[in-house]
Amino acid sequence: LLPCEIQYDGHAAVDKYFTPTI
Amino acid sequence: PDQWVLIARDSLLDLPKKPGDGALFTRLRNPSTGEGALFLFSSCAQQLFEIKVFKEDYHSWFVGQTVQHDGRLFFATPMDALFLILYYLIKAEKEQGKFQPVDQVVVDEAFPSSCILLQCTRAMQSLHHVTEEKEIGSKKFYKYNKEKTLKWLKKKVVQTVKALKSNNICVGGSVHSATFIRSKQMLDVTEEDYTRYAHGLISEYVPEELSADLLKY
Amino acid sequence: MELEKFERNNWGSCRLSSLVPPLCRNQHCCLGIDEAGRGPVLGPMVYGICFCPLSNKQDLEELKVADSKTLSEAERERLFEKLDSLKEYLGWALQILSPNVISTSMQQRVKYNLNALSHDTAIALIQYALDSGVQLREVFVDTVGPAEKYQEKLKQRFPELEITVKPKADSLFPIVSAASICAKVARDRAVKSWKFLEDLGDVNLDYGSGYPNDPKTKEWLARNLDPVFGYPQFVRFSWSTAQTIVDSRAVPVRWDDCDGDEKSSSKGSQSMLSFFARKKDDTKHQPHRFFQERKLETVKDL
């Protein structure tokens, strides 16, 4: 869940820019 | 948009025994407001779930490698289908005041799925908590009973009070910002505070007039 | 100058330094400050200091470290190696400000522009030298902004030091030029060895000069813009050139403070009485406080 509203539905290169961390 | 994020029990994903018997999102009448609201039946309508949504400004989701603009988080929480059936029983009492088969009572043109409530076995087996029953032949007839209903609702309130206490929900009466949630219970909270709070929660699921009667009760 | 520390973590700020020569702890010293990479839209900005005993100022002049701006990258490298070899009396320290640090500092909610960031970095480096035991007496600083204000600010901060702030100080004071060499070499190396955090495959590094008015740099920015995430962290998002491309080609994103900005520029403040007036929907069913406090609502439609 993001703390911002992205006005778009569709593909995002999440794994290129984010590294999930617990 | 064709994608939403929902938290629900795993069992809702179980495959139904017959096609078409799977979990179903549908609009039913909210018994308190009389307006339509989204509910969820598990497969074969074994269990009814209320759909609530966490909604705050300026959120979106990353779901895998996609962005979902809609930043809401939906919850499916189990609820007693008898609350919804009760609405129709009260309406029938006001309009006709006679014993009727329940499948003639739970009829709603605006919400055709309301007949699925009759498949909720547990609710159907609990009708006697809120009605007088008559059996003629093999058929049962029901008539709304206010006293029995208040007794049943009081049990709900008592159960809710227990749940509020065990979950340490703050029920204190102080005025504060809607977004301020106390982490500790205030010291001067009384049993009445708990009861009023629980009554308020139960009132979300019953018509206004019945809520007022319950408060007096 | 080992940049490995910065290369491993090039989204943060990084301090690198030489050993402090014992002579600098025993004798009165001068210190020069300069920066590298203020203008480009790509890569880090580096602040550098050099310090040496006052008695060794002449040695620096003989090294001909002045006019560092006219030198090529290779010549700067050579000069740095020379400076670094003067370990007996010359020390240096660098603060590398990543493009990410520059961007987030300038774009934070409380105003913090590039000048303020620069001044704070310079002050921190002077303090570092003092904390390391350098017997500072004179400080020479290069500046692009108004010299008098900056000099006054530093004098207030370090009243015991003789501070001189001048434009083009690197051509006037060899110790500043030495600092300039250190800063420029650090920036050159950091840019050359930049590891893109983002998994972008083969990034074409032909971005021209890296300056915002270079068409080749602008083209590189446009080519490497992701519509959701923006640029790689090699880019200073806070530069207006970068922002313009984002505004026109990336998807709109709204944050919690967006409405605040819009409201503050609107007609005027609300009347106090409006807070006490009954609202139109007061008679509408209000959800129980349990739900309101947790921002939970009934769903009418998806």
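Throughout, protein chains are lettered first and strands after them, A, B, ... in sequence-line order, and every chain is numbered starting at 1. Predicted, not measured: the structure shown is a model, and the values here were computed from it.
- Within 6.0 Å of atom CZ in C:Arg15, more than 12 heavy atoms from other residues, nucleotides or ligands are found, so the atom counts as buried in its surroundings.
- For a residue to count as touching a neighbouring chain, one of its non-hydrogen atoms must lie under 4.5 Å from one of that chain's; by this rule C:Val228 touches chain B with the side chain only.
- Taking non-hydrogen atoms and a 4.5 Å limit, the residue list of residues 198-210 of chain B in contact with chain C, ordered by number, reads B:Gly200, B:Leu201, B:Glu204, B:Tyr205.
- Under a cut-off of 6.0 angstrom, the local environment of CD in C:Glu2 is sparse, with at most 12 non-hydrogen atoms contributed by other residues, nucleotides or ligands.
- The NZ atom of B:Lys55 sits 11.0 Å away from atom OG1 of C:Thr298, with the distance rounded to the nearest 0.5 Å.
- Within a 6.0 Å sphere centred on CZ of C:Arg38, heavy atoms belonging to other residues, nucleotides or ligands number more than 12.
- For B:Ser60, no part lies near chain C; criterion is any non-hydrogen pair under 4.5 Å.
- Residues C:Asp256 and B:Tyr58 come closest through the heavy atom pair CA-CD1, 3.4 Å.
- Highest contact tally toward chain C, considering only B:Phe39, B:Phe25, B:Phe74, is held by B:Phe74 [criterion: heavy-atom pairs under 4.5 Å].
- C:Asp301 and B:Arg27 make their closest contact through OD1-NE, 3.5 Å (heavy atoms, listed as atom of the first residue, atom of the second, distance).
- A ring-centre distance under 6.0 Å is found for B:Phe62 and C:Phe229.
- Ion pairing between C:Arg254 and B:Asp57 fails under the 4.0 Å rule for side-chain N and carboxylate O.
- Residue B:Val53 touches chain C through both its backbone and its side chain, counting heavy-atom pairs closer than 4.5 Å.
- In this structure, CZ in C:Arg294 is found 13.5 Å from CD in B:Glu56, a value given to the nearest 0.5 Å.
- A salt bridge does not link B:Lys52 with C:Glu297: none of the charged nitrogens is closer than 4.0 Å to a carboxylate oxygen.
- Crowding of B:Glu95 atom CD: a count of heavy atoms from other residues, nucleotides or ligands under 6.0 Å exceeding 12.
- More than 12 heavy atoms of other shown residues, nucleotides or ligands fall within 6.0 angstrom of atom NZ in C:Lys153.
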Step-by-step side chain to side chain contact (heavy atoms under 4.5 Å, CB included) determination, B:Leu38 to C:Leu302: CA-CA 8 Å; B:Leu38 197 64; C:Leu302 284 175; 3.9 Å; yes
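- Residue-environment remark: NZ (B:Lys148) exceeds the threshold of 12 foreign heavy atoms within 6.0 Å.
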